[in-house]
Amino acid sequence: MTLHLDDLSVRHLGECHYDSPLSEMLAAKRTSPHYVAEGDRVLLEDTVSMLAEHDLPSEQLPSFEAAGPRRKIYFDPAEVTAGIVTAGGLCPGLNDVIRGLVQELTVLYDVKRILGFRNGFRGMTAEHRNDTIELTPDRVRDIHNAGGTILGSSRGAQDADEMVDSLVLRDINVLFVIGGDGGMKAATNLAAAIQRRGHDIAVIGVPKTIDNDLPYTDQSFGFQSAFAQAANFISSVSVEAAASPDGIGIVKLMGRHSGFIACYASLARNAADIVLIPEVPFALEGEDGLLARVEQHVRAKGYVVIVVAEGAGQDLLEERGLLEADATDASGNARLGDIGALLRESITAHLTEVGLAPTVRYIDPSYAIRSVTANAYDSVYCLRLAHAAVHAAMAGRTETAVVRWRRRFVHVPMSLITSRRNQVDPDGDLWMSVLEATGHLVPPPARSPGSAEVVDRGGAGACRSTSWEGGAATRRGVEFSGGGSQRGSLC
Ligand SMILES: Nc1ncnc2c1ncn2[C@@H]1O[C@H](COP(=O)(O)OP(=O)(O)O)[C@@H](O)[C@H]1O
Ligand SMILES: O=P(O)(O)OC[C@H]1O[C@](O)(COP(=O)(O)O)[C@@H](O)[C@@H]1O
Ligand SMILES: [Mg+2]
C-alpha cells in the first residue's frame, strides 16, 4: 500500500484558542535534533531509495505530525473531564500509562476530573457506566509497581452509540483508549459515532500489545518487558534439557499471528536451536522436517531447545483435525490449537521410534509473560506516550493514536494502526538474526550418504539446507518452495 501525505493527517476537533500552560516555555524553546517543533513532521520512510521513489518536494513526502505540546490548545483545561479505558489482553505498562495520563492531566494542565471505566469497553455500557474509578495523583501514585491494569480489561463487543451516551452522561470530553488492534477499532468506531452525533469529544489511542504486531510504531510498549520474562523460561528449559539424556526443551510463547516474542526472547538468551513462528510454515515429517532436525540436534549435542510461538504450525493442527474450525473469542480473535502439545507428542514418538529415549521438558508460561510489571525501559516509554497522548487530546486531536516512530513521538490516524498487522518478515533482518543465532546459516555438516545420522557432532553446524551455496552466510540458507507459499525447510 502506498501512503500519501493526506492518508497520514489526523483529525482535529477545531481551532485551538486557549493558551497552553506551557506556551511561554514553548515560545522560548529552540528546535534541536532532539526536539521537533510543533509544526514539523516526521518522515514515514527513512531510506534514500524509498524517498527518491516518490519524486516529490520534501513538504509533500509522506510524514506524520509530530507529537508533543502545542502553544495553543483546543480545550479549556478547567472544563475538561477525562476518561480512561484499558481494553483487550493485558500488557506490561498499562498502569504506567494510566499513571502518566493522570499525572500529566492534573499536574501540567490542571484538569480536575478524571474517570476510569472499569473492565474495558464493558464499563462504558449503560449497565456499568456509573461504576467508574475517580483517578487522582494520589490514587495512581504506586500503581506502576504492579502488573495488569487497575481499571480491569475485557474482550467482547459493545454498542458504539451506547458508549457515546456514557461519555455524554458522564460529561467526558477527552477519552483515552489504551488497547490493541481490537481496542483501536472500537475507538475508531466510537470517534465516528461521536462525530456523527455532533459531540465535541476527543478520542486518543495509546496502542498496546505484547505481540508487537501493531504497525506504524517502532515497538509496542510492554513488549520488551514481556520478552525479557519469556527469555527466563527459555533459560530454564535449556538448563533442564541439557541436564537430561536426549533432552528436549520446548517453550511455547504468546504470539497469535506474529512471532516477535519468540524471536526476541530467543535472541536474548541465544540458547534456542529451533525457533518456530507463524510467519514461517514448517513441515514435521521429511528430510527437512522438524522431526529430522530435532533428531539431528539430539544426536549432535545431546539435547535440543525449541521455542515455538503459539500461532506457529496451525496448518499442521488443521491437517490433523486438531483445530476447531473458525473458533473465535468474544472479540472475534482466532482461537488457536495447541502447537506445543503436538510438538511434544510427535517429537517423543519420533525419537522413541529411532531408538532414542527422550526426556521432554515443556513449559507454556502463557500469561506469566504478560502479567509482569514494566521494566525501567518500558516505564519510561509508557510515561512519554502518556505525555504525548495528553498533549494530543488537549490540542483537540481525535481518532488519533500516539506512537513512537523512528524514535520520535508522532500522531497517527487510528485507522492506520488497524490497517494491517506487523509480522516478522521471513526476508528481513530480524529473522536473519534468528537464523544466525540458531546456527541455521552455517554450512551443513558432512553426513554419511543415505544415513540420517549426523557425522559432524559440532552442534551449531547441523543445518541440512538443500539450497546452501558456498561459505557465505546468506539468505540462501533458507529455502522456500515455489509461488511464495513460504513452506520451507527449517534452516
Ligand atoms: N472490529 C471491531 N469493531 C469494534 N470493536 C472491536 C472490534 N474488534 C475488537 N473490538 C473491541 O475492542 C475491545 C478489545 O478488543 P480485543 O481484540 O479483545 O483486544 P485488543 O484491543 O487487545 O486487540 C473489545 O471490547 C472488542 O469488542
Ligand atoms: O487469553 P487471551 O486473553 O485471549 O489472550 C491470549 C492472547 O493475547 C495476546 O497477548 C494478544 O492480545 P491482544 O491482542 O489483546 O494484545 C496474545 O499473545 C495471546 O494470543
Ligand atoms: Mg488484539
Side-chain angles (χ1 to χ4, degrees), residues 231 233-253 259 262-263 265-267 269-277 280-309 312-313 316 320 338-365 434-466 468 477-479 488-491:
F233 291 99
I234 297 177
S235 295
S236 304
V237 102
S238 76
V239 167
E240 284 287 337
S244 311
D246 300 340
I248 313 296
I250 305 173
V251 185
K252 185 175 86 168
L253 296 173
C263 289
S266 298
L267 290 173
R269 285 296 184 270
N270 203 4
D273 300 297
I274 295 172
V275 179
L276 304 170
I277 59 172
V280 183
F282 62 95
L284 278 180
E285 282 89 16
E287 200 189 343
D288 285 331
L290 177 76
L291 299 176
R293 297 263 308 122
V294 168
E295 182 187 336
Q296 235 176 349
H297 276 289
V298 173
R299 291 192 190 280
K301 71 168 188 179
Y303 71 98
V304 64
V305 175
I306 304 166
V307 174
V308 57
L316 303 176
R320 288 161 178 75
D338 189 352
I339 185 64
L342 177 66
L343 293 187
R344 183 178 50 195
E345 278 146 37
S346 42
I347 289 170
T348 306
H350 174 78
L351 294 187
T352 308
E353 199 180 304
V354 297
L356 295 167
T359 307
V360 182
R361 303 298 191 213
Y362 173 49
I363 301 185
D364 176 1
V434 172
L435 296 176
E436 288 175 63
T438 49
H440 285 180
L441 290 178
V442 292
R447 296 172 55 231
S448 319
S451 157
E453 192 170 343
V454 178
V455 174
D456 177 356
R457 292 184 162 256
C463 177
R464 298 189 300 167
S465 166
T466 49
W468 179 261
V478 183
E479 180 194 46
S489 81
L490 284 155
C491 295

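Everything numeric here is computed off the predicted structure, so don't read it as measured data.
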Seminar exercise, completed: On a heavy-atom basis, the closest approach of Val308 and Ala312 is CG2-CB, 3.9 Å
Exercise. With sequence neighbours excluded, what pairs up with Glu285 under the side-chain contact (heavy atoms from CB on, under 4.5 Å) test?
Worked result: Leu291, Arg320
Exercise. Any side-chain heavy atom of Leu290 sitting closer than 4.5 Å to one from Leu343?
Worked result: yes
Exercise. Partners of Ser236 by side chain to side chain donor-acceptor pair (under 3.5 Å), sequence neighbours excluded?
Worked result: none
Seminar exercise, completed: All heavy atoms of Gly286 vs all of Ala292, minimum pair found to be O-CB, 3.7 Å
Exercise. What residues form a side-chain contact (heavy atoms from CB on, under 4.5 Å) with Ala341, not counting sequence neighbours?
Worked result: Asp338, Arg344, Glu345
Exercise. Does a salt bridge link Asp273 with Arg293, judged by any charged N lying under 4.0 Å from a carboxylate O?
Worked result: no
Exercise. With sequence neighbours left out, what residues match Thr352 under side-chain contact (heavy atoms from CB on, under 4.5 Å)?
Worked result: Thr348, Pro358
Problem set entry | Beyond-backbone contact of Val305 with Tyr303, side-chain heavy atoms, under 4.5 angstrom | yes
Problem set entry | pair Val298-Leu356: side-chain heavy atoms closer than 4.5 Å | yes
Problem set entry | Spatial distance of atom OG (Ser346) from atom CG (Leu316) [nearest 0.5 Å] | 8.5 Å
Exercise answer: donor-acceptor pairs, residues 240-248 side-chain atoms, under 3.5 Å, sequence neighbours excluded:
{"from": "Glu240", "atom 1": "OE1", "to": "Arg361", "atom 2": "NE", "distance (Å)": "3.1"}
{"from": "Ser244", "atom 1": "OG", "to": "Glu240", "atom 2": "O", "distance (Å)": "2.8"}
{"from": "Asp246", "atom 1": "OD2", "to": "Ala357", "atom 2": "N", "distance (Å)": "2.8"}

Exercise. Within a strict 4.5 Å, meaning less than it, do heavy atoms of the Lys252 and Ile339 side chains meet?
Worked result: yes
For this session: Check Ala262 against Ile277 and note the closest heavy-atom contact, atom names and distance.
Result: CB-CG2, 4.0 Å
Exercise. Are side-chain heavy atoms of Ile306 and Ile347 found at a separation under 4.5 Å?
Worked result: yes
Exercise. Which pair of non-hydrogen atoms, one from Val251 and one from Leu253, has the smallest distance, and what is that distance?
Worked result: CG1-CD2, 3.7 Å
Problem set entry | Partners meeting side-chain contact (heavy atoms from CB on, under 4.5 Å) with Asn270 (sequence neighbours left out) | Ala437
Exercise. Where do Thr438 and Ala272 come nearest, in terms of heavy atoms and distance?
Worked result: CG2-O, 3.2 Å
Problem set entry | Ile274/Val307 under side-chain contact (heavy atoms from CB on, under 4.5 Å): CA gap, chis, key distance, verdict | CA-CA 6 Å; Ile274 295 172; Val307 174; over 6 Å; no
For this session: State the CD1-CZ distance between Ile234 and Arg269, to the nearest 0.5 angstrom.
Result: 8.0 Å
